[in-house]
> 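The structure that follows is given in the form of structure tokens.
These numbers were taken from a predicted model, which means no experiment stands behind them. In what follows, every heavy atom counts, from backbone to side chain, and hydrogens, waters and symmetry copies are set aside. In what follows, chains carry the letters A, B, and so on, assigned in the order in which the sequence lines appear, proteins first and then strands, with residues in each chain numbered from 1.
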Amino acid sequence: TSLYNSLIYGLCKVAREDEALGLLVGMRRSRCVPDAFTYNILIDHFFKVKRVNKALSFVCKMIQDGYFPNQVTFCTVINGLCNAGKLDKAWDCFQYMFRKGLQPDVFTYSSLIAGLCRSNRVREAFALFSQMEGRGCVPNVVTYNILICAFCRTGNMSMAFQMLDKMGIKSVKTDEVTCNTIVDGLCKSGDLASAHLLINKIIDEGMIPNVIAYSSMINGYCKLGKMDEAFKLYTSMEMIGISPNVVTYNMLIDTLCKEGKFNIALSILDEMKAKGLVPD
RNA sequence: UUCGAUCAUACUCCA
């Protein structure tokens, strides 16, 4: 069964769904029966390809087959419903979990929090975050990143920093995403100075900011019309060995065009092509 | 050891 599960998983990932379903039938001939893993894989797959009803039908099949949905199943379903914009259904499902005596785990809470954030219900997301802590479920770096991102997006940098502080207090290690999210938030709010400080701090700590952090900054300068600063960053990132990517070039070229500096834009485009990057 | 969370975070398109 494990082997079949691996195969079904792989086939779903490469969009060879019919073959995956074929194996679902075929596995029985090898005296293997589908288990909860098998169903979870298929449920997730159908949600990912936006076939919500098909996904739910596999939940039914799973139950008929004698497997009650487990934590992963619930998480998969809740996440799928959120991504399909059916937030209320997801919430119902969440409540249902409790009634069935299943505790949602970090993954499930994070899914729902992310769903709320995406629908701009950041306030509720934060309430749920507090709720999970109250229930003894420990938020991880992903949970924090989701909320930090949401606070940044809504311009609430003070809450974003509050969450960041809280990570420190609870000794949840920040990751690249955390850093990039904060840098981008600062840039979007026009506080390039703080963003710079943050980047420098990272470098001082012996870490290397990645291309996304730099691109956020470059974008920030572009939006402020400070192309000289943008280009300074562009050259300095190359000096420390970070290669600009297509997105970085898009930012520069886009603003150059909007400023009517087409010749410079074209020369940058050539520079980009010379590096083997393909314009998109 | 076979399943789930940041449509993982950056650009463009009054999307």
> Tell me what A:Thr108 touches on the nucleic acid: a base, only sugar-phosphate, or nothing, going by heavy atoms under 4.0 Å.
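Since a base atom lies under 4.0 Å of A:Thr108, the category is base.
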
> Under 4.0 Å, heavy atoms only, any strand: does A:Asp44 hit a base, just the sugar-phosphate, or nothing?
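It contacts sugar-phosphate atoms only.
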
> Has the side chain of A:Asn5 got a donor or acceptor atom sitting under 3.5 Å from an opposite partner on the base of B:U2?
yes

> What is the nucleic acid contact for A:Thr76, judged by heavy atoms within less than 4.0 Å: base, sugar-phosphate only, or nothing?
sugar-phosphate

> Check A:Glu17 with A:Arg51, please: is the shortest side-chain N to carboxylate O separation under 4.0 Å?
yes

> Can A:Lys61 and A:Asp65 be counted as an ion pair, charged N to O under 4.0 angstrom?
no

> Touch check for A:Ile212, heavy atoms < 4.0 angstrom, all strands: base, sugar-phosphate only, or nothing?
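A:Ile212: base contact, heavy atoms under 4.0 Å.
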
> Looking at every strand, decide which applies to A:Asn70 at a 4.0 Å heavy-atom threshold: base, sugar-phosphate, or nothing.
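Here A:Asn70 touches no strand at all.
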
> Taking donor-acceptor contacts at under 3.5 Å, does the side chain of A:Asp105 reach the base of B:A5?
no

> Answer yes if A:Phe46 and A:Ile78 sit in the same cluster of Ile, Leu, Val, Met, Phe, Trp and Tyr residues linked by side chain heavy atoms under 4.5 Å apart, and no otherwise.
no

> May I have the distance from A:Asn40 (atom CG) to B:U2 (atom C1'), rounded to whole angstrom?
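So the CG-C1' distance, A:Asn40 to B:U2, works out to 11 Å.
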
> At under 4.0 Å between heavy atoms, what does A:Ser111 touch on the DNA or RNA strands: base, sugar-phosphate, or nothing?
sugar-phosphate

> With a non-hydrogen cut-off below 4.0 angstrom, is A:Tyr9 in contact with a base, only sugar-phosphate, or nothing?
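Result for A:Tyr9 = sugar-phosphate.
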
> With sequence neighbours excluded, tell me which residues meet ring pair (Phe, Tyr, Trp, His ring centres under 6.0 Å) with A:Tyr9.
none

